[in-house]
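Okay, so here's the structure we're looking at.
Ligands are counted one by one from 1 in listed order, and the atoms in each one are counted from 1 as well. Everything numeric in this text was worked out from a predicted model, so none of it was measured.
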Amino acid sequence: MKPGIVHLGLGAFARAHTAVFTERAMAATGEPEWGIVGFTQRSDAVARQLAPQDGLFTVTERGSGAAPLRIVSSVTEALSGRDNPGTVAERIASETTKVVTLTITEKGYRIDPRTGGLNAADEHVQSDLAGRPPLTAIGQITRGLQQRSRTDAGPITVVSCDNLPGNGELTRKLVHAFAAALPSVESGPLMSWLEMNVTFPNTIVDRMVPATTRGDLDAVERELGLRDEAAVVAEPFQQWVIEDNFASRRPRWEDAGALFSTDVAAWEAAKLRLLNASHSMLAYLGLASGKTTISDAVGEDAFLAACSRMMSEDVLPTITLPVGLDGETYCAQVLGRFANPALGHTTAKVGSDGSQKIGLRLLSTVRGNFDAGREPRWAALAVAAWMRHVATTSAGRLDDPLAAELHAALPSRRTAATVVPALLGCRSIFDADVADRPGFADLLTHWYRIIDNHGPDGLRNEIHHG
Ligand code: CS2
């Protein structure tokens, strides 16, 4: 294989999703030029694991319909982006690179929550703009594109694969903002080159991929007869919907099962507001009642009912589904996937980075319902459960980039009546438009009290008889 793709964020998800689709596309077409040069972001662990294995790793599917263990070979090079920022730019600038793919998670984009644009107050963004070897993903991409423009290496496509609305359009906006903030001798030529040579298709990706555990590595070793330090486990389901807006050649991912669509926005609403929103709800309700995994949480009948009712009463009436997707079937399939007992997807992992997720997953639904003149009853339950998680986890243990800011806002005596207004006042999460909707604070307080005082039993009563 020859490298044709640069990937930023070589975590478990990328290995179980993007790398698998790309390998299948190469196998189906016989085109060898889509090897992946993968860069890790914050930690270099995956690069250290993959390098001695020549980039090879296994994917183990768990759950009904699981395919046999598979060795994936599409990653031709694995490097630490943190330790080799110059190499990221070099590889993006290489003439053979036609596509950059990204799985850097929500926080990796460094968005200013107040404007939705590039966070110019972020110290890493500032240092990257000042010209150090870039460490932020947006800095690395923009510097790579700048180098490419100087060597005239041809058009290229940047494909975001993160759970953010309009992820391609957003990435375009951030890259353009970074380019525009460079000194004008640099930004002028770069901006016009970007306009002519780079596209940013929107996509949605879907596959549940938990963090690999030591037990998983041991199980793979028993099956494979080799130790694979970079093994990943995943559910059998996998989906990729991509807008066909490429500046240059691309792998035939459709031959690997990807769907090219002109309606990615509708797929995205279904994915984020039905699946991811329910996932977050189960994570926080689960954490509140000592459930370690998502399958345990959805096994609690009150939590399952809350999820179903959020999807059918709050979300489905306020979104437009893509043509051909049946809402009820989709919701039932999602709940079935959550119940997969073999996956071991933890509530702690799904509940991490809540400050980056709840606005996109839940507050969109809260707004949609208030706009339609009705109460977002179940979406508010999920938000209240997140608030309680924040208030009952110490700042040091809260796995969230805004942990310090959230805790600074919290009162020392934490009850529903004090926590709800304190967190609603965090403008990095709740803009005034949503925080001040009449009735929202009361709904949150109501649910917070029930979770606090009565746990699943209180919820059971409320859900079944309320
Ligand atoms: C999860 C997602 O961790 C999370 O926030 O909701 O990673 C989810 O598993 C994927 O989006 C499924 O495609």
Just go through E106, K271, M208 and tell me whose heavy atom is the nearest to atom 11 (O) of ligand 1.
K271
Please state which part of Q356 comes within less than 4.0 Å of ligand 1, counting heavy atoms only: side chain, backbone, both or neither.
neither
Which is closest to atom 7 (O) of ligand 1 in terms of heavy atoms, I204, L275, N163, D206?
N163
Please could you name the atoms of ligand 1 that V350 approaches to less than 4.0 Å, counting only its heavy atoms?
3 (O), 4 (C), 5 (O), 6 (O)
Residues 332-366 vs ring pair (Phe, Tyr, Trp, His ring centres under 6.0 Å), sequence neighbours excluded, gives H279-F338, H279-H345
Validation row, ring centre W447 to ring centre W378 under 6.0 Å
yes
Starting from atom 4 (C) of ligand 1, find the nearest protein heavy-atom neighbour and note its residue, name and distance.
K357 NZ, 3.5 Å
Would you verify whether the NZ or CZ of R437 falls within 45 degrees of the ring axis of F370 while also being under 6.0 Å from that six-membered ring's centre?
no
Would R250 count as a cation-pi partner of F260, with NZ or CZ less than 6.0 Å from the six-membered ring centre and within 45° of the ring normal?
yes
With a 3.5 Å distance limit and no angle check, can you tell me whether R414 reaches the backbone of L410 through a side-chain donor-acceptor pair?
no
For atom 2 (C) of ligand 1, what is the closest protein heavy atom, and at what distance to 0.1 Å?
N276 ND2, 3.6 Å
Atom pairs and distances, donor-acceptor, side-chain atoms in residues 165-173, under 3.5 Å, two or more places apart:
unit_1: N167; atom_1: OD1; unit_2: T203; atom_2: N; d: 2.9
unit_1: N167; atom_1: ND2; unit_2: S160; atom_2: O; d: 3.2
unit_1: N167; atom_1: ND2; unit_2: D162; atom_2: O; d: 3.0
unit_1: N167; atom_1: ND2; unit_2: T203; atom_2: O; d: 2.9
unit_1: N167; atom_1: ND2; unit_2: T203; atom_2: OG1; d: 3.2
unit_1: T171; atom_1: OG1; unit_2: N167; atom_2: O; d: 2.6
unit_1: K173; atom_1: NZ; unit_2: G116; atom_2: O; d: 3.4

Just jot down the ligand 1 atoms closer than 4.0 angstrom to any heavy atom of H345, in number order.
9 (O)
Tell me: protein heavy atom nearest atom 1 (C) of ligand 1, and distance?
H279 ND1, 3.2 Å
